[in-house]
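In what follows, a structure is listed as structure tokens, so that the remarks can point back to it.
Convention: sequence-line order gives letters A, B, ...; per-chain numbering from 1. Values below: all heavy atoms of this structure, side chains included; hydrogens, waters and symmetry mates excluded.
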Amino acid sequence: MKKARQLCSLHCTNTTSTTNSWTTQLRDLAKQGDYHEALLLYRRLLRSGDPSPAAFTFPFALKSCAALSLPLLGAQLHSHVVRTGSQSDPFVLTALISMYCKCRFIDSARKLFDENPLCRTLSVCYNALIAGYTYNRRFSDAINVFCRMREVGVLVNDVTILGLVPGCTVPKDRYFGISVHGFVVRCGLDTDLSVANCLLTMYVRCGSIELARNLFYDMPERGLITWNAMISGYAQNGLATQVLELYHEMESLGICPDPVALVGVLSSCANLGARKVGLKVEQQIESGRFGYNLFLKNALINMNARCGNLVRARSIFDEMPEKTLVSWTAIIGGYGMHGQGEIAVELFDEMIKTGIKPDGAVFVSILSACSHAGLTNKGLGYFSLMESNYGLQLGLEHYSCVVDLLGRAGRLAEAHGLIESMPVEPDGVVWGALLGACKIHRNVNLAELAFNRVIKFEPWNIGFYVLMSNMYTEAKDMEGVRRVRVMMRERKLKKDPGCSYVECKGRTHLFMVGDRSHPQTEEMYRMLDRLEGLVKELGGYEKTDPDGRTEELVNGVGVHSERLAIAFGLLNTGLGREILVIKNLRICGDCHLFIKLVSKVVDRQFVIRDATRFHHFKDGACSCNEFW
DNA sequence: CTAGGGTTAG
């Protein structure tokens, strides 16, 4: 790149270029995205003394100003345009409007549009203004311009639609989106691939995945972008299994994916804990056939971390010459997920040192990492810095992390106090975190309060009823158990228990809470008793946990599923081998301490894989093997 | 003037 620039400047200074070749060079630079260089060239062009040829280069120079967000230079160019009488050139006009819009000077764009009579007859000018309003998130203004365009009879074309439709971003916008879709069909614009892709993405963003899917299967031809839009659409809506299905369909049709598709696939592998597919994709990427970029590396870090290979995730991270905030968030979240909060903390501090400005997402990662590792005060420290030091808004997700943090540490009153002092209305997640903490520390009174709040927000969430019922069982409050059971029956909620999986000799074994269905059940329970003895003997809980939390191996409700998975793994896998435990960590984040302790006691390595959306496979543990 | 992408607790 540097060499190309040197060549270019040599060329520019040493030859007596004609206007055309200057313009061509400028255009090429702008097209390559080398906007800075393009503007330097433009300046030299001006200095060459002849102002009139500059007119041809205005659109490219303006585009560069737009890309670099240089409104002052853009305005200078505008006056230059006026001086040279170029404001009757449609290309220049649209470039000016677009420049102002991209620089967030939308009112200047509007002024220009209103004051220039030529503008009001040209599709391209309307298009630029509509796209500009959309870009500046002034969707209703965009709609108004679109309506006026139709009133005055200016031709609506594909680009008009492409500028307007992305303004539909929230579910309620989809009604407008649907009406535009109808208009598009009536005008015959629906045969345009980019228009169809744009509509497809619109449905995804408005949360109408059904409509997106219908459109996808109705389309007579699909381009790579169509496939990608559908894959990311599923991925963003949490439909990870559908992503993998679509990816397989793509493969069977012989369509070669590109990095965009693979990012969506990897993200779904991460959510499913689908290691086999993930590794296959990673190998394909390494073969170099599909291209490689930053997005893909971040997706690989995330996939490896969530699929149990934290070491690999770390090495990809370490080898990245350029790390973005997302890279840091992924690796910090990875360590947090595996209960290695200390490393997460080190990484977070290192990130701050390198001058990266943290955002809300990375704070969620670090707070939850602290929570899982019992680093309560460390986490509280970060929380207090969020607003004061980094000027970040505290969201519900941060409050829920801190309630979880305090709650796990047994500081239930403080957790409750924090909820009461929140400037925003707490939601079900926040109350749910308190409820979970009450479960760990057996505070039935506070649990009742949290339970009553949480089911107001998520009455359909079976997990909370099960949790409360189990607490009553522990407290031998049979009346309480009955009350919860009645509520569940009234609401027609069926038990949908959490589960863990362990891989052994190529097969995946599934365990529910308190499971006794496995043929080796007796052996497994004996193994757990032995482990409990060993851990207690070594004073494991007290020594390991800086905040003195305790966690029992077996509770009154039934043995946690990951414990069964571990017991099974210890019984059935060879010495020195890693035991892979797959657990829905979002439902039960408690397993880390246990795994850490047992890992020490038996001197074996456990690899945890997070299968957040694994329950999509619950129809049969075997079906997941196809993906793994 | 113009269609697709990574990270976030319970």
Side-chain angles (χ1 to χ4, degrees), chain A residues 59 63 90-91 93-95 97-98 101 122-132 157-166 192-202 204 223-233 235-236 258-264 266-267 270 293-303 305 324-334 336-337 359-369 371-372 395-405 407 427-437 454 458 461 463-464 467 584-589 612:
Chain A
K63 199 177 170 180
F91 288 106
L93 277 177
T94 49
I97 293 172
S98 176
C101 292
L122 292 169
S123 288
V124 274
C125 290
Y126 280 90
N127 292 352
L129 194 61
I130 289 170
N157 59 23
D158 51 343
V159 183
T160 319
I161 305 299
L162 297 175
L164 178 67
V165 168
D192 186 292
L193 195 55
S194 49
V195 169
N197 292 338
C198 181
L199 287 166
L200 176 50
T201 307
M202 178 273 293
V204 167
L224 187 56
I225 292 185
T226 319
W227 286 92
N228 292 348
M230 199 65 232
I231 284 181
S232 339
Q236 284 157 19
D258 72 346
V260 180
L262 296 176
V263 160
L266 284 174
S267 145
N293 64 26
L294 203 80
F295 279 71
L296 210 41
K297 284 185 192 183
N298 289 338
L300 279 173
I301 294 174
N302 185 39
M303 183 277 290
T324 66
L325 180 56
V326 175
S327 325
W328 288 93
T329 307
I331 195 73
I332 289 170
M337 197 172 290
D359 68 350
V362 75
F363 268 104
V364 170
S365 285
I366 190 66
L367 289 173
S368 90
S371 181
H372 286 311
L396 285 168
E397 65 275 34
H398 302 111
Y399 281 103
S400 59
C401 283
V402 177
V403 168
D404 187 58
L405 185 76
D427 66 350
V429 184
V430 176
W431 287 112
L434 184 67
L435 180 59
V454 78
E458 298 180 27
N461 193 330
F464 297 125
L467 211 126
N584 190 329
L585 294 176
R586 296 232 177 126
I587 287 177
C588 177
T612 305

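The separation between L199(A) atom CG and dA3(B) atom P is 13 Å, rounded to whole Å. Regarding I231(A), its CD1 atom lies at a distance of 12 Å from the P atom of dG6(B), rounded to whole Å. A straight line from CG of L396(A) to C1' of dG10(B) spans 13 Å, rounded to a whole angstrom. Across the protein-nucleic acid pair, N302(A) atom CG and dA9(B) atom P stand 10 Å apart, rounded to whole Å. Rounded to an integer number of Å, the gap from D158(A) CG to dA3(B) C1' is 10 Å. Summarising the geometry, the separation between NZ on K297(A) and P on dT7(B) is reported as 17 Å, rounded to the nearest angstrom. Straight-line distance from the CG atom of L164(A) to the P atom of dC1(B): 17 Å, rounded to whole Å. Summarising the geometry, the separation between CG on N197(A) and P on dA3(B) is reported as 10 Å, rounded to the nearest angstrom.
P259(A) comes within contact range of at least one nucleobase, with a heavy-atom separation under 4.0 Å. When heavy atoms are screened at a 4.0 angstrom cut-off, D359(A) is found touching no nucleic acid atom at all.
Between the N127(A) side chain and the I130(A) main chain, no donor and acceptor come within less than 3.5 Å of each other. In terms of modelled atom types and a separation under 3.5 Å, the side chain of D427(A) and the main chain of V430(A) share a donor-acceptor contact.
Distances shorter than 4.0 Å separate some side-chain N or O of S267(A) from OP1 or OP2 on dT7(B). At the phosphate of dA9(B), neither OP1 nor OP2 sits under 4.0 Å from any side-chain N or O atom of H372(A).
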> Where do S371(A) and S368(A) land on the side-chain hydrogen bond (donor to acceptor under 3.5 Å, both in side chains) test, with the steps shown first?
Replying inline: CA-CA 5 Å; S371(A) 181; S368(A) 90; over 6 Å; no

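Using a 3.5 Å distance cut-off with no hydrogens or angles, the side chains of N157(A) and T160(A) do pair a donor with an acceptor.
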